[in-house]
Amino acid sequence: MKKYESHFNHVLKLPKIKSSISFTHQLGRFSEDTEYNLNDSLEIKFINSEIVENHYKIVILPLENTLTFKSNANQKDYTLTNGQKALYIEHPLFNFLIFEHDHWQYVLAIDKRVSKITADTLVEIANSIE
C-alpha cells in the first residue's frame, strides 16, 4: 500500500469496517502500467480456503483512470454519508459497489453466493472510510 501511495503521491484510506464473513487469507497486489500509465491499480483480496464463496475484494484506482459503467437494470444508486454517489451493481458472479473518495475510485466486490452481505452492508463499509 505504501508503494501505491508513493507512486501517486496521495494517502490511501481503507475501510475501517471489514466484511462480517470469515477469511483465512488476505492478499494484496499493486499493478503498475509502466507502458501507458492507464491501468495502475491496487487490489486487496480476502479469501477463505475452506469456504470458497467467502471471497471479497477491494480494487482501488486513481481518479484519472476510473472505470465507467453503462446503465442497466441490475444497478441501484446510493448516496454515501460524505455526499458522494455510489453505484451498486448485481452481476452473475459478484455484487459490486463503486464510489469515489478523495483521489481514488473504489470497487468493493463480494461473491454473489454470500447472501448475508447486502448492498446496505457494502454501503456501510464504504462509509467507514474517513
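Note that this is a predicted model, so its numbers are computed, not measured. Numbers for residues simply follow the sequence, beginning at 1.
Note that the CD1 atom of I60 and the CG atom of L42 stand 5.0 Å from one another [nearest 0.5 Å]. Between S49 atom OG and N54 atom CG the span is 10.5 Å, to the nearest 0.5 Å.
Contact record, D40 with P62: O-CD, 3.5 Å, taken as the closest heavy-atom pair. Residue E90 comes nearest to N95 through the heavy atom pair CA-OD1, 3.3 Å, listed as atom of the first residue, atom of the second, then distance. Here the shortest heavy-atom pairing between A119 and Y78 reads CB-OH, 3.2 Å. Residue F99 comes nearest to A86 through the heavy atom pair CB-CB, 3.9 Å, listed as atom of the first residue, atom of the second, then distance. The shortest heavy-atom contact between K13 and D102 is NZ-OD2, 3.7 Å. Residues H55 and V52 approach most closely at CB-O, 3.9 Å, considering heavy atoms.
Cation-pi check for K57 over F94 is met; the charged atom lies under 6.0 angstrom from the ring centroid and within 45 degrees of its normal.
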Can you list, pair by pair, the side-chain donor-acceptor contacts under 3.5 Å of residues 122-130, counting residues two or more places apart and other chains?
from : atom 1 : to   : atom 2 : distance (Å)
N127 : OD1    : T81  : N      : 2.9
N127 : OD1    : T81  : OG1    : 3.2
N127 : ND2    : V123 : O      : 3.3
S128 : OG     : K16  : N      : 2.9
S128 : OG     : I17  : N      : 3.0
S128 : OG     : I125 : O      : 2.6

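Using a 4.5 Å heavy-atom cutoff, the side chains of I21 and I117 are in contact.
In the hydrophobic clustering, I51 connects to no other residue, as no ILVMFWY side-chain heavy atoms lie under 4.5 Å from its own.
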Q | Worked check of side chain to side chain contact (heavy atoms under 4.5 Å, CB included) between N74 and H91 | A | CA-CA 7 Å; N74 296 331; H91 183 270; over 6 Å; no

Q: Evaluate the side chain to side chain contact (heavy atoms under 4.5 Å, CB included) criterion for residues D77 and L87: first the C-alpha distance (whole Å), next the side-chain angles of each, then the deciding distance (0.1 Å), finally the verdict.
A: CA-CA 5 Å; D77 293 327; L87 178 64; 3.4 Å; yes

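Relative orientation of the F46 and F23 rings is tilted, given thresholds of 30° and 60° on the angle between their planes.
For K85, the side chain to side chain contact (heavy atoms under 4.5 Å, CB included) criterion is met by T79, not counting sequence neighbours.
Residue R29 qualifies as open at atom CZ: its count of foreign heavy atoms under 6.0 Å is 12 or below.
Side chain of E100 to main chain of L63: no donor-acceptor pair is present (N/O by atom type, distance under 3.5 Å, no hydrogens or angles). Side-chain N or O atoms of N48 include one that pairs as donor or acceptor with a backbone N or O of E50 at under 3.5 Å.
In the hydrophobic clustering of ILVMFWY residues, with side-chain heavy atoms under 4.5 Å counting as a link, I47 and Y56 come out apart. Both L93 and I98 belong to a single network of hydrophobic side chains, linked directly or stepwise wherever heavy atoms of I, L, V, M, F, W or Y lie under 4.5 Å apart.
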